[in-house]
Visitor: 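First, the structure itself, so that you have it in front of you.
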Amino acid sequence: MFYKNARIFGSDFQFHMGAFEVKDGLFGAVLPENVPEDAIDLQGATVIPGLVEVHSHGNSGHDFSDGDYEGLKEMAKFYLSCGVTSFAPASMTLPYETLSKAFATAKQLADEAPEGCSAIRGIQMEGPYFSMKKKGAQNGAYIKDPDFEGFKKLYDDCGGMIRIADLAPELPGAVEFVEKASKLCTVSVAHTASDYDHARDVFNAGATHLTHLYNAMPGINHRDPGVIPAAAENPNVQAEIICDGLHIHPAAVRLAFLTFKNRMILVSDSGRCAGQPEGTKFELGGQDAWVKGGVGRLADGTIACSATNLWQCVLNCLSWGIPEEEVVRAATYNPAKALSAEDKVGSIAEGKIADFIVCNADYSGRRVFFHGKEI
């Protein structure tokens, strides 16, 4: 099946007017010279890859860390309805046995691939190797130093589903952990009070990711630059950013795109409260939280998670004046790369899975296609 007269976000990260083919759930020819007369006319619609979410704890009343397979399926259905065709749920700082149970549900979802669910491409293990000084909404009772043997057992038990593992660079053994773990998955810096030198050391050791830029890390000081400049100056490091408009001011989001350029990743960092009304009480990592002012907060007012979704983050960034091509790349190809899944998803290219979104120029009228079929 061919689609024509479309404004396509190509694998060169630019938009092109043209046509593309979908065959057996995969993209065929893109921008072909000859297009069949019976090709479906998209009448100038914008076509982008399906979104890829690498940092979301939950939605619809469910949290990945619950270890509830049916709940994870409901989460995956919600993601797909929002245009998120691939995702990697994020865990919380919890005991290994709790994480192991949750990770087993991810493996089950990957193996069964139930109909109507977004495709799970991995797990982001957010904790427990964090700084108490910057724990944020993570449960301090379970924070510990980097432990490669414990990590490796979790990794093996879930069949290698962990695709991003987080840690604070200043902790004892952080460099050694990164040297080993980076051979298995992406290693990310997160929930840290690190100075510049410790951060630079773990990035040089193989960490290539920065979890929710600005949040749970020191700000930039011209005499004590910290984590952010260490990440920005290393060309291998991609940076997540939460774009609900509440975690971070739009001006700081624009600054991040100017600083990291083509290395940004949009994330929602949503909790089970996503899709729930104001005032809803919910549980996050063993702690009570509430939806207050459109965001999840702990009892002391600490921001715990967002209540949004990745599609809304895309719309927000566009409304804040960030270039369209940079926004789309940050929600598709770059997160797929962080999961080592860019050979399968994240761009519209021949041979890749035909996950894509058709919408108007202002990103209204969203139609989601999963493996070539409209949901």
Side-chain angles (χ1 to χ4, degrees), residues 54-55 90 93 124-127 129-138 143 146 164-171 174-175 177-178 181-182 186-269 295 302-306 313 316-317 320-323 326-327 329-331 334-335 337-338:
V54 300
H55 194 143
T93 294
Q124 176 161 180
M125 184 175 164
E126 190 184 7
Y129 315 131
F130 289 156
S131 164
M132 285 293 292
K133 295 178 181 178
K134 291 289 184 179
K135 65 183 180 64
Q138 301 287 334
I143 284 176
I164 303 174
D166 295 8
L167 89 169
E170 69 271 29
L171 299 179
V175 169
F177 180 94
V178 171
S182 62
T186 295
V187 179
S188 184
V189 167
H191 289 272
T192 174
S194 176
D195 60 14
Y196 170 86
D197 291 335
H198 283 97
R200 179 197 56 195
D201 289 346
V202 299
F203 289 132
N204 288 342
T208 57
H209 198 91
L210 189 60
T211 293
H212 47 49
L213 174 67
Y214 298 128
N215 294 114
M217 64 184 64
I220 301 171
N221 182 289
H222 60 290
R223 292 192 181 92
D224 183 15
V227 171
I228 297 172
E233 68 186 14
N234 188 315
N236 297 317
V237 178
Q238 297 193 123
E240 299 176 1
I241 195 161
I242 305 168
C243 293
D244 61 350
L246 297 167
H247 277 74
I248 301 167
H249 191 282
V253 176
R254 288 191 290 269
L255 177 62
F257 273 85
L258 288 170
T259 302
F260 284 85
K261 301 187 185 301
N262 62 359
R263 295 184 282 136
M264 293 300 299
I265 295 175
L266 299 191
V267 298
S268 70
D269 197 9
V295 68
T302 300
I303 291 181
C305 59
S306 87
C313 291
N316 289 344
C317 285
W320 297 336
I322 298 169
E326 295 180 23
V327 173
R329 177 172 179 165
N334 288 356
K337 180 180 177 182

Visitor: Could you please spell out the steps behind the side chain to side chain contact (heavy atoms under 4.5 Å, CB included) verdict for Asn262 and Glu326?
Guide: CA-CA 7 Å; Asn262 62 359; Glu326 295 180 23; over 6 Å; no
Visitor: For His191, run the side chain to side chain donor-acceptor pair (under 3.5 Å) check against His212, Lys134, Lys133, Lys135 and tell me which one passes.
Guide: His212
Visitor: Under a 3.5 Å threshold, yes or no: a donor from one side chain and an acceptor from the other, between Ser268 and Ser306?
Guide: no
Visitor: For the pair Arg254 (side chain) and Trp320 (backbone), establish whether a donor and an acceptor sit closer than 3.5 Å, ignoring hydrogens and angles.
Guide: yes
Visitor: Output the distance between atom CG (Leu210) and atom CD1 (Ile265), rounded to the nearest 0.5 Å.
Guide: 10.0 Å
Visitor: If we ignore hydrogens and angles and just use 3.5 Å, is the side chain of Gln138 paired with the main-chain N or O of Phe130 as donor and acceptor?
Guide: no
Visitor: Would you please test Leu213 and Phe260 for side chain to side chain contact (heavy atoms under 4.5 Å, CB included) and show each step?
Guide: CA-CA 11 Å; Leu213 174 67; Phe260 284 85; 4.1 Å; yes
Visitor: So, Gln124 versus His209: side-chain donor-acceptor pair below 3.5 Å or not?
Guide: no
Visitor: Just how far is it from atom CD1 of Ile241 to atom OH of Tyr214, taken to the nearest 0.5 Å?
Guide: 5.5 Å
Visitor: Nearest 0.5 Å, what's the CE-OG distance between Met125 and Ser188?
Guide: 12.5 Å
Visitor: Is it the case that His198 and Asp201 place a side-chain donor and acceptor less than 3.5 Å from each other?
Guide: no
Visitor: With a 3.5 Å distance limit and no angle check, can you tell me whether Arg263 reaches the backbone of Val237 through a side-chain donor-acceptor pair?
Guide: yes
Visitor: Under 3.5 Å, side chain of Arg329 to main-chain N/O of Met264, donor-acceptor pair present?
Guide: no
Visitor: How many angstroms lie between atom CD1 of Ile322 and atom CG of Asn316, to the nearest 0.5 angstrom?
Guide: 9.5 Å
